[in-house]
Amino acid sequence: MSRSSTGKVRGTGRTTLEEVAAHAGVSTMTASRALSQPQLVSDATRTKVELAVVELGYVPNRAARALASAQSRVIVALVPSLSNVVFTAVLDGIHDAIEHGQYQLLIGNTRYSDAEEEKLLRTYLQSNPDGILLSGLTHSEQVERMLAGSRMPVVSMMDLADDPTELSVGFSQHDAGHAITRHLLDRGYRRIVFVGAQLDERTLRRADGYRQAMQAAGLADPRLEIMVPAPSTIALGAELMREALETLPDCDAVFFCNDDLAHGAIYYCQRHDIRVPQDVAIAGFNDLPASAWMVPSLTTIDTPRYRIGYEAASLLLDVIGGREPRERRIDLGFTLREREST
């Protein structure tokens, strides 16, 4: 039940666009244009329609609008975590890119699970989104089939596709892993341990970069790699630092696949009177806000997380709008932050 502009209760359902138009004293087409393309009407008309919307409590029927325009004005973004600040920054960038385009954002948390990604995608595709933003390049066969069948534009975030025609925005995880390992080698460290957790595709690519740098230096040794599937936490970083020092007492540097683990490692060293970097150097990845304020401050890779989200959403909007993008594979690069821990 709802109320008409005369205050009487109607039994026919929600307030309609026709009622908004009548209340504002404009045609239905003008009211529709004022809501969907406000730049095409005068300020006075837009104000009258907006006031009518507020007074009548009008909520647009997106399903009907989608049928009429062949667009849902919905974008889907799937990320592996909503608690990791890496991906909250990506989502901030997406929000800022789409906020003026009257798009709604459907966010899904895959929890680093192929099965969860399949379930979310199957559910969200029923909303007929105009485009999809996915984290990473590697997906299950079922997800690939659903994406191909949907024929919707898809932009991959965080890493770069090998195919330059595929839509992707990010940086080379491999090259970043290589760069920080090369930095440690240039500083004179030789027994460099790589510690990886979660073992998602980004961690594995960083590990590949580490291996390539160590092989080029003639220092590769599989025993220097500690890889665990457990989710990354500060506590796990402390535990893995203990393991590295106990099982590899001759190690002189440890490259952690992310800053959470590296923070835990520094805390462990502080508790056990292990000097960083004099006794062992520590490096991380992602340059989280606390990394510059650790004691000692953490050497790490600064990743352009917000820009990845913003540029990926902007690229997707270009494709949805039928505009040929200047680049389909956008490399935003990374920055090595050399600090006291190495």
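Residue numbers start at 1 and run along the sequence shown.
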**Request:** Could you give me the CA-CA distance, side-chain angles and deciding distance for His263 and Met294, then say whether side-chain contact (heavy atoms from CB on, under 4.5 Å) is met?
**Result:** CA-CA 8 Å; His263 292 175; Met294 299 294 292; 3.9 Å; yes
**Asked** Among all residues two or more places apart in sequence or in another chain, which pass the side-chain hydrogen bond (donor to acceptor under 3.5 Å, both in side chains) test with Arg46?
**Response** Asp43
**Message:** Between Tyr310 and Asp92, is there a side-chain donor-acceptor contact under 3.5 Å, judged purely by atom types and distance?
**Reply:** no
**Item:** Donor-acceptor side-chain pairing of Ser232 and Asp260 below 3.5 angstrom
**Value:** no
**Message:** Could you check whether any side-chain N or O of Thr300 sits under 3.5 Å from a backbone N or O of Phe285, counting only pairs where one atom can act as donor and the other as acceptor?
**Reply:** yes
**Asked** Can you list the residues that meet the side-chain hydrogen bond (donor to acceptor under 3.5 Å, both in side chains) rule with Gln212, with sequence neighbours excluded?
**Response** none
**Request:** Can you sort out the partners of Arg339 under salt bridge (charged side-chain N to carboxylate O under 4.0 Å, His left out), two or more places apart, ordered by chain and number?
**Result:** Asp287
**Request:** Please name the pair of heavy atoms, one in Leu105 and one in Ala77, separated by the smallest distance, quoted to 0.1 Å.
**Result:** CD1-CB, 3.9 Å
**Prompt:** Met241 and Phe256: side-chain contact (heavy atoms from CB on, under 4.5 Å), yes or no, with the steps?
**Reply:** CA-CA 9 Å; Met241 188 69 192; Phe256 288 89; 3.8 Å; yes
**Request:** Answer yes or no: is there an ion pair linking Arg337 with Asp302, defined by an N-O contact shorter than 4.0 Å?
**Result:** yes
**Request:** Please list, chain by chain and in numerical order, all residues satisfying ring-ring contact (aromatic ring centres under 6.0 Å, His included) with His95, sequence neighbours excluded.
**Result:** none
**Item:** Contact list for residues 203-239, test ring pair (Phe, Tyr, Trp, His ring centres under 6.0 Å), sequence neighbours left out
**Value:** Phe194-Tyr210
**Asked** Got a salt bridge between Arg211 and Glu225, using NZ or NE/NH1/NH2 to carboxylate O under 4.0 Å?
**Response** yes
**Request:** Determine whether Leu78 and Leu137 fall in the same hydrophobic cluster, where Ile, Leu, Val, Met, Phe, Trp and Tyr are linked whenever their side-chain heavy atoms lie under 4.5 Å apart.
**Result:** no
**Request:** Check side chain to side chain contact (heavy atoms under 4.5 Å, CB included) between Ala313 and all other residues, then give those that pass, not counting sequence neighbours.
**Result:** Ile94, Ala97, Ile98, Leu133
